[in-house]
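So the structure is just underneath, and the comments pick up after that.
Start at 1 with the first residue, then count along the sequence.
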Amino acid sequence: MTNFFEFEADFVDSWRCIPMQVRYKLDTCGIKLKLAQWNQMNQASRQNLMTLPCDTDRQIHDYRYYIQELVLQLTGKPVAELPIEPYPAWIDVTTIPSSIHEKAQEIGVTITIEAWKSLTILQRFALIKLSRPSHENKNFLPALQEFNLLPKS
(Lines give C-alpha, C1' and ligand atoms only; values in the text may rest on other atoms or scores of the structure.)
Protein backbone atom coordinates (compact mmCIF):
# COMPACT_ATOMS: atom_id res chain seq x y z
CA MET A 1 0.00 0.00 0.00
CA THR A 2 2.46 2.66 -1.13
CA ASN A 3 0.61 4.31 -4.00
CA PHE A 4 -1.03 7.69 -3.78
CA PHE A 5 -4.48 8.43 -5.07
CA GLU A 6 -4.69 10.52 -8.22
CA PHE A 7 -6.68 13.18 -6.35
CA GLU A 8 -3.64 13.67 -4.10
CA ALA A 9 -1.36 14.46 -7.05
CA ASP A 10 -1.40 18.22 -6.47
CA PHE A 11 0.40 17.87 -3.12
CA VAL A 12 2.23 14.54 -3.33
CA ASP A 13 5.50 15.93 -4.66
CA SER A 14 5.70 18.60 -2.01
CA TRP A 15 4.39 16.32 0.77
CA ARG A 16 2.53 19.37 2.13
CA CYS A 17 -0.42 17.23 3.23
CA ILE A 18 -0.61 13.88 4.97
CA PRO A 19 -1.44 11.24 2.33
CA MET A 20 -4.59 9.18 2.80
CA GLN A 21 -2.73 5.95 3.32
CA VAL A 22 -0.77 7.51 6.21
CA ARG A 23 -3.99 8.95 7.61
CA TYR A 24 -5.49 5.46 7.41
CA LYS A 25 -2.56 4.00 9.35
CA LEU A 26 -2.80 6.80 11.94
CA ASP A 27 -6.47 6.03 12.53
CA THR A 28 -5.65 2.32 12.67
CA CYS A 29 -3.08 2.82 15.42
CA GLY A 30 -4.88 5.62 17.29
CA ILE A 31 -2.56 8.56 16.62
CA LYS A 32 -3.59 12.16 15.92
CA LEU A 33 -0.78 13.63 13.86
CA LYS A 34 -0.98 17.35 13.25
CA LEU A 35 0.04 18.85 9.94
CA ALA A 36 2.68 20.94 11.74
CA GLN A 37 4.23 17.74 13.09
CA TRP A 38 4.14 16.15 9.64
CA ASN A 39 5.84 19.23 8.18
CA GLN A 40 8.70 18.93 10.69
CA MET A 41 9.55 15.44 9.44
CA ASN A 42 12.24 14.82 6.88
CA GLN A 43 11.58 12.94 3.65
CA ALA A 44 12.89 9.63 5.02
CA SER A 45 10.56 9.75 8.03
CA ARG A 46 7.56 10.56 5.85
CA GLN A 47 8.49 7.74 3.49
CA ASN A 48 8.74 5.38 6.46
CA LEU A 49 5.22 6.34 7.51
CA MET A 50 4.09 5.52 3.97
CA THR A 51 5.81 2.15 3.71
CA LEU A 52 5.82 0.69 7.21
CA PRO A 53 3.11 -1.97 7.51
CA CYS A 54 0.21 -1.36 9.87
CA ASP A 55 -2.10 -4.36 9.51
CA THR A 56 -1.47 -6.96 12.19
CA ASP A 57 -1.62 -6.26 15.92
CA ARG A 58 2.19 -6.34 16.10
CA GLN A 59 2.59 -4.03 13.09
CA ILE A 60 0.04 -1.60 14.53
CA HIS A 61 1.91 -1.58 17.84
CA ASP A 62 5.25 -1.02 16.09
CA TYR A 63 3.86 1.74 13.84
CA ARG A 64 2.36 3.50 16.84
CA TYR A 65 5.63 3.28 18.74
CA TYR A 66 7.62 4.53 15.74
CA ILE A 67 5.47 7.63 15.30
CA GLN A 68 5.33 8.33 19.03
CA GLU A 69 9.12 8.29 19.24
CA LEU A 70 9.53 10.27 16.02
CA VAL A 71 7.22 13.10 17.12
CA LEU A 72 8.74 13.17 20.60
CA GLN A 73 12.24 13.52 19.09
CA LEU A 74 11.12 16.25 16.69
CA THR A 75 8.97 18.34 18.99
CA GLY A 76 9.85 17.32 22.53
CA LYS A 77 6.15 16.67 23.10
CA PRO A 78 4.13 13.46 22.93
CA VAL A 79 1.85 12.95 19.97
CA ALA A 80 -1.88 13.06 20.68
CA GLU A 81 -3.65 9.73 20.86
CA LEU A 82 -7.12 8.78 19.69
CA PRO A 83 -9.35 5.88 20.60
CA ILE A 84 -9.14 3.09 18.06
CA GLU A 85 -12.50 2.14 16.62
CA PRO A 86 -12.96 -1.62 16.87
CA TYR A 87 -15.15 -1.70 13.74
CA PRO A 88 -14.64 1.51 11.76
CA ALA A 89 -17.14 2.59 9.09
CA TRP A 90 -14.72 1.95 6.23
CA ILE A 91 -14.72 -1.77 7.05
CA ASP A 92 -18.52 -2.02 6.97
CA VAL A 93 -19.55 -2.91 3.41
CA THR A 94 -23.25 -3.10 4.35
CA THR A 95 -23.74 0.57 5.24
CA ILE A 96 -22.72 3.72 3.41
CA PRO A 97 -22.06 6.48 5.96
CA SER A 98 -24.58 9.34 5.88
CA SER A 99 -21.80 11.90 5.34
CA ILE A 100 -20.99 10.22 2.02
CA HIS A 101 -24.65 10.01 0.98
CA GLU A 102 -25.14 13.70 1.78
CA LYS A 103 -21.97 14.87 0.04
CA ALA A 104 -22.73 12.76 -3.04
CA GLN A 105 -26.31 14.07 -3.19
CA GLU A 106 -24.99 17.65 -3.14
CA ILE A 107 -23.39 16.94 -6.50
CA GLY A 108 -26.25 14.80 -7.83
CA VAL A 109 -24.63 11.39 -7.37
CA THR A 110 -26.07 8.28 -5.77
CA ILE A 111 -23.66 5.64 -4.51
CA THR A 112 -25.14 2.17 -4.42
CA ILE A 113 -24.32 -0.43 -1.82
CA GLU A 114 -22.89 -2.59 -4.63
CA ALA A 115 -20.52 0.21 -5.58
CA TRP A 116 -19.59 0.73 -1.91
CA LYS A 117 -18.79 -2.99 -1.57
CA SER A 118 -16.59 -2.89 -4.66
CA LEU A 119 -14.27 -0.27 -3.17
CA THR A 120 -11.09 -1.10 -1.29
CA ILE A 121 -10.87 -0.34 2.40
CA LEU A 122 -8.54 2.57 1.64
CA GLN A 123 -10.97 3.98 -0.95
CA ARG A 124 -13.86 3.78 1.55
CA PHE A 125 -11.65 5.41 4.19
CA ALA A 126 -10.76 8.23 1.79
CA LEU A 127 -14.40 8.93 0.91
CA ILE A 128 -15.34 9.03 4.59
CA LYS A 129 -12.53 11.49 5.33
CA LEU A 130 -13.32 13.61 2.28
CA SER A 131 -17.02 13.80 3.12
CA ARG A 132 -16.68 15.06 6.68
CA PRO A 133 -18.10 18.54 7.25
CA SER A 134 -14.87 19.72 8.92
CA HIS A 135 -12.75 18.69 5.93
CA GLU A 136 -11.96 20.72 2.85
CA ASN A 137 -14.03 18.71 0.39
CA LYS A 138 -12.54 19.76 -2.94
CA ASN A 139 -11.18 16.25 -3.52
CA PHE A 140 -14.49 14.43 -2.97
CA LEU A 141 -15.59 14.75 -6.61
CA PRO A 142 -12.13 13.80 -8.00
CA ALA A 143 -12.14 10.78 -5.66
CA LEU A 144 -15.57 9.71 -6.95
CA GLN A 145 -14.23 10.00 -10.49
CA GLU A 146 -11.06 8.09 -9.67
CA PHE A 147 -13.03 5.30 -7.94
CA ASN A 148 -15.42 5.03 -10.92
CA LEU A 149 -18.46 6.06 -8.88
CA LEU A 150 -19.82 8.63 -11.30
CA PRO A 151 -22.32 7.61 -13.95
CA LYS A 152 -20.85 7.26 -17.40
CA SER A 153 -21.88 10.11 -19.68
- [ ] Evaluate side chain to side chain contact (heavy atoms under 4.5 Å, CB included) for Ile67 paired with Leu26, printing each intermediate quantity in order.
- [x] CA-CA 9 Å; Ile67 197 162; Leu26 293 170; 3.3 Å; yes

Open item on the list: Could you walk me through whether Leu119 and Leu149 satisfy the side chain to side chain contact (heavy atoms under 4.5 Å, CB included) test, starting with their C-alpha distance in whole Å, then the side-chain angles of each, then the deciding distance to 0.1 Å, before giving a yes or no?
Closed with: CA-CA 9 Å; Leu119 299 174; Leu149 295 175; 4.0 Å; yes

Open item on the list: As a quick check of understanding, evaluate side chain to side chain contact (heavy atoms under 4.5 Å, CB included) for Trp116 and Thr95, giving each step before the final call.
Closed with: CA-CA 8 Å; Trp116 181 249; Thr95 306; 6.0 Å; no

- [ ] Step by step, work out the side chain to side chain contact (heavy atoms under 4.5 Å, CB included) result for Glu81 and Arg64.
- [x] CA-CA 10 Å; Glu81 297 181 8; Arg64 181 181 176 91; 2.6 Å; yes

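Formation of a donor-acceptor pair under 3.5 Å by the Glu102 side chain with backbone atoms of Ser99 is not found in this model. Side chain of Gln105 to backbone of Thr110: no donor-acceptor contact under 3.5 angstrom is found. Looking at Trp90, its side chain never comes within 3.5 Å of a backbone N or O of Leu127 through a donor-acceptor pair.
Counted by atom type alone, Asn48 and Ser45 present zero donor-acceptor pairs between their side chains at under 3.5 Å.
Residues Val22 and Met50 meet the side-chain proximity criterion, which asks for heavy atoms closer than 4.5 Å. Within the 4.5 Å cutoff, the side chain of Thr120 has no heavy atoms near those of the Arg124 side chain. Within the 4.5 Å cutoff, the side chain of Leu70 has heavy atoms near those of the Tyr66 side chain. Taking 4.5 Å as the limit, every side-chain heavy atom of Leu130 sits out of range of all side-chain heavy atoms of Ile100. Taking the side chain as every heavy atom from C-beta outward, Met41 and Leu74 approach each other to under 4.5 Å. Looking at Ile31 and Gln68, their side chains come closer than 4.5 Å, going by heavy atoms from C-beta outward. Side-chain contact between Leu141 and Glu146: absent, with no pair of heavy atoms (C-beta onward) separated by less than 4.5 Å. Side-chain contact between Leu49 and Lys25 is absent, with no heavy-atom pair separated by less than 4.5 Å.
For the pair Leu33 and Ile18, the tightest heavy-atom approach, listed with the atom from each and the gap, is O-CD1, 3.8 Å. Nearest heavy-atom pair, Gln37 versus Thr75, reported as atom, atom and distance to 0.1 Å: CG-CG2, 4.4 Å. Looking at every heavy atom in both residues, Phe5 comes nearest to Ala126 through CE1-CB, 3.9 Å. Scanning both residues, Lys117 and Val93, for their nearest heavy atoms gives CG-O, 3.3 Å. The two residues Cys17 and Leu35 have their closest heavy-atom pair at CA-CD1, 4.0 Å. Contact detail for Leu82 and Lys32: the closest heavy-atom pair is CG-CB, 3.7 Å.
A salt bridge does not link Arg23 to Asp27: none of the charged side-chain nitrogens sits closer than 4.0 Å to a carboxylate oxygen.
You'll find the ring centres of Phe7 and Phe140 outside the 6.0 Å limit.
Put simply, Tyr65 and Trp38 are part of two different groups of oily side chains (I, L, V, M, F, W, Y) that touch within less than 4.5 Å, one to the next.
Here the straight-line distance linking atom CD1 of Ile96 with atom OG of Ser131 works out to 11.0 Å at 0.5 Å rounding. Once rounded to the nearest 0.5 Å, the distance linking CZ of Phe125 with CD1 of Ile91 reads 11.0 Å.
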